[in-house]
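Okay, so here's the structure we're looking at.
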Amino acid sequence: MTLSIVGLGLCSPAGALARDHVFFPRANAPPPAPAPFVRADGRPFQVGHARFVPPDLDLPDRLVALGGIALEEARGSERGMPLFVCLPAPCEGLPAAALDDVASRLAAMTESSRVDRFTGAAGVFDALARIEAHALPAAVLVGVDSFFHADRAAALAARPPGPFEPARLWPAEGAGALVVVRGVRRGAHTILMSKSVLGRGTDDDDEPVDAVALTNLLGGLPEGAPLRAVFGQARVDALRSREWEWSAARQAAKFHPEAFGVCLEAEIGQVGAAAGVMALAHAFASVRHGVCPSGSRLLVWAISRDGTRGIALGVGGDPAPEGTLRPLEDRVRARAVPLESVFQDEQAPSGGVDSAFDEASFDPDAALAPANDILPLERSLPETITTSPLLSLAPGDLRPVSRAAFYAEVVSHCAETLAMLGKARERSPRLGVRDIEERLLRQVDAIVASGGRALLHLATDWAEHEEDPWRWFGGTIAAMAFEGDEARRFVSRRIDALPDDADAHARLVSEALALSEHAELFSLGRALHSSARPIARAIGLSFLGARGALTDDEVQRSFSDPSPLVRAAALDACVARSPASQRALVPALRSALLVEDKANAFRAARQLAILGDVEARRAFEDPAVAARLGALVGELYVLAGRPEDAAAAETFFTRQTATPALLSAAGRWGSPAVLPRLLQCLADEDLSFAAAEALVVMLGPALAPEEMRDAGAFRRVMASMRLDASSRVRRGLPYSPVVVANECASGELSRGDLGRRVDELRARLGRPEPAPVWGYAADVEASLAPLLRAARDTKGKA
């Protein structure tokens, strides 16, 4: 058998295109819809449904609508080819005559010369074998099924899994379509073999799974390269998961050591008779878009309700042509996607997007009436006894939307997740940052995959959440994933709308720009840097400084900017410059220490401490500077404190008003004299977490999590350590750069904590070379390596 795939389509609750099914489930999109059915006792019953298909269609009409969407994508302009249709077996709500009518109507859409109908999820493998047996030059395959029907869903609800069975997936609906041609097409995906056989277990009995049938099918696969990917029903229910697990274990030699499995139904719900065709279409769509390796052997399998097992062996074609959307790998890069323009005269362009909620039709009095009506206390009995249906439609929970509104919801959902992941990336231990960044990139992929109106939808969502700084981070990084000047102009206009006091927003926007790769990125940064608005200048300066695109003169001029926000960005930009450039800016830093406000003065003092400049000690010796810096002097003790400063530091840490930042610095200073203060703060609800963290920094993780607020437990640890009052400790060991380097390498620190340790090492080792911690995880690892190596080479003597 040699059948080349020249067209494919998918439709389900996950989307209306094959591309949607590749990128949306990876981002956990779209958001789940409310359950459309209720049980007789009032509990909801979930059925996944394509909300862009009208909910009032009869079941046969719904099957035709779903199948039509998949066929429209797959066949393009092709007409007149034989059609092979996979449908469910006749059942309640779908008699044989209705199924014949569905097949005929789908055939009419494709103007097919003949139509053959197959039953069940494995029917597609019989269809492929028939195409081969009849030597048909080309054919169209479509599989469609839906449980969006009260009787069909009730049949599943009436047979819940037993107490020792894994919970089944919720029922859903979907359609898949393929256009195949005989022979090998250059670069096309190819089906090499298709077989099916009737096995022992079915959905209508409780026969023990023996996996003999599927095992034999796997054993009959032709020799060749190991299988790299498997698309099937491995997570649908007990029958299918056990059948696959046992068969794969018996035929383990057939699989590549890094083979992976994909179960589309685990993301969208059970799709019944459509499962086989949808798995085939999903497999080759995954290759087309680069999620699955091209040129590798793929296996697709499915099991019908009557127990028929079927498999197909395929080979992924050549990489997709230029312009086909492919997933981001390690960082955000701009990709060419046809885009509709974002209207420049509207803050939140939403034209043409149907709202999922019609405000005009909402009656608050009617909505509150059930809550206000407390009588009668009990429902009156019906005049005649009737049998309640097991399931009934809940029209109040149905939210039909247009396709444009559906994609708008996907973009909004992913934008919200982006904001959450951006925050988690900053605050989580570094061990988990790679996984967070991978999830972040998948959200960006899904936004880009949502189509030509993606930027328009992003603008609408962004305008609705302007108060959230993290929404600005996510919006910026998503917008810069689109190639072309439209994205640059869009971000520029959003920045123009920022109020001048939105410093948190500015910081996150500049970081999002620094994490992006775009042809227009530096022109945007230069335009912002020369803007008349201070907040735009600060964003441009921060971005250009982080990417090393500023000259010494530009930084020097920014120190005299009238805006403290811009001067703060200039001070932060010093950190990323070469040691020679930093030393050239020492006079400006010394001046800033004396005249700037608290935050900017500390920025200058920190940089002077890293450079080893004597003026950094003015914070300890000049009462005016010390008073202006307040509790931030504690951070300078950690960076520039000397042994002779021990008494002054202990006095400072024990007498200053306790704050989480002060306790953190006290723990890193590590003098045993501060331990009583830290133990005392364990009893303060607002300070207990910071105090416990500071104690762990000093004494090490010697306690279980449930004892972290127990002062007595910490006292026992202290007694066992026999601390020397004249020495500093870190993680239960005498303080040294080696211990700090091990902290940095542990992966247990958040980005903020890691940055403070990096500053500490740079100051203590006299290494002012930049070691940025804001970038992607791989870049941070590379930037830290020389500094940590130098710290360990000191063997604790620095």
Side-chain angles (χ1 to χ4, degrees), residues 571-590 592-593 599-622 625-626 629 631-646 648-649 652-653 661-662 664-671 697-698 727-731 734-745 749 751-774 780 783-798:
L571 288 163
D572 288 337
C574 293
V575 180
R577 305 195 65 73
S578 67
S581 295
Q582 293 179 50
R583 294 189 179 96
L585 294 169
V586 164
L589 292 171
R590 290 176 175 176
L593 175 63
N600 281 352
F602 173 71
R603 287 182 169 95
R606 178 189 61 185
Q607 188 61 25
L608 290 170
I610 291 171
L611 291 169
D613 189 80
V614 68
E615 286 298 307
R617 297 190 54 78
R618 189 179 283 272
F620 311 141
E621 300 164 357
D622 187 330
V625 175
L629 292 176
L632 292 175
V633 173
E635 291 290 341
L636 296 179
Y637 274 117
V638 177
L639 295 176
R642 300 172 180 173
E644 59 266 28
D645 297 323
F652 175 84
F653 285 120
L662 181 78
S664 172
R668 281 176 282 123
W669 175 250
S671 171
V697 169
M698 286 187 64
S727 64
R728 296 169 60 191
V729 292
R730 180 74 65 92
R731 300 287 174 178
Y735 176 86
S736 73
V738 176
V739 181
V740 181
N742 291 338
E743 279 188 298
C744 295
L749 302 176
R751 191 178 74 185
D753 290 335
L754 177 64
R756 285 184 278 273
R757 265 59 165 202
V758 167
D759 287 348
E760 184 179 351
L761 284 177
R762 293 170 68 197
R764 294 295 175 184
L765 298 175
R767 292 178 62 95
E769 296 85 355
V773 299
W774 56 266
V780 173
S783 70
L784 284 181
L787 182 65
L788 302 188
R789 187 163 52 248
R792 287 167 177 147
D793 288 345
T794 66
K795 303 186 184 303
K797 297 178 182 179

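Here the structure is a predicted model, which means the values were calculated and not measured. In what follows, every heavy atom counts, from backbone to side chain, and hydrogens, waters and symmetry copies are set aside.
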Sequence-distant partners of [X], side-chain hydrogen bond (donor to acceptor under 3.5 Å, both in side chains), two or more places apart:
{"X": "R618", "answer": "E615, D622"}
{"X": "Q607", "answer": "Q582"}
{"X": "S664", "answer": "R668"}

With a 4.5 Å limit on heavy-atom distance, are the side chains of [X] and [Y] in contact?
{"X": "R590", "Y": "L593", "answer": "no"}
{"X": "L788", "Y": "N742", "answer": "no"}
{"X": "V697", "Y": "E743", "answer": "yes"}
{"X": "P768", "Y": "R583", "answer": "yes"}
{"X": "L749", "Y": "R756", "answer": "no"}
{"X": "V575", "Y": "P770", "answer": "no"}
{"X": "P772", "Y": "S783", "answer": "yes"}

Do you know which two heavy atoms are closest between [X] and [Y], and how far apart they sit?
{"X": "L639", "Y": "A763", "result": "O-CB, 3.5 Å"}
{"X": "R728", "Y": "W669", "result": "NE-O, 2.5 Å"}
{"X": "A584", "Y": "P587", "result": "O-CD, 3.7 Å"}
{"X": "A619", "Y": "L629", "result": "CB-CD1, 3.6 Å"}
{"X": "V638", "Y": "R764", "result": "O-NH2, 2.9 Å"}
{"X": "A626", "Y": "V633", "result": "O-CG2, 4.0 Å"}

**OP:** Just do the side-chain contact (heavy atoms from CB on, under 4.5 Å) check on L608 and V614 with the steps written out, would you?
**Re:** CA-CA 8 Å; L608 290 170; V614 68; over 6 Å; no
**OP:** Indicate yes or no: does D759 engage R762 in a salt bridge with an N to O separation below 4.0 Å.
**Re:** yes
Subject >> CA sep, side-chain torsions, deciding dist, call: L787, R757, side-chain contact (heavy atoms from CB on, under 4.5 Å) >> reply: CA-CA 11 Å; L787 182 65; R757 265 59 165 202; over 6 Å; no
**OP:** Please work out whether the ring planes of F620 and Y637 are parallel, tilted or perpendicular, with thresholds of 30° and 60°.
**Re:** parallel
**OP:** State whether W774 and R751 meet the cation-pi test: NZ (Lys) or CZ (Arg) under 6.0 Å from the six-membered ring centroid, and within 45° of the perpendicular axis.
**Re:** no
Original post:
What distance separates L761 CG from I610 CD1, expressed to the nearest 0.5 Å?
Top reply: 10.5 Å
**OP:** Kindly indicate, with the supporting measurements, whether the criterion side-chain contact (heavy atoms from CB on, under 4.5 Å) is fulfilled by L754 and V780.
**Re:** CA-CA 10 Å; L754 177 64; V780 173; 4.2 Å; yes
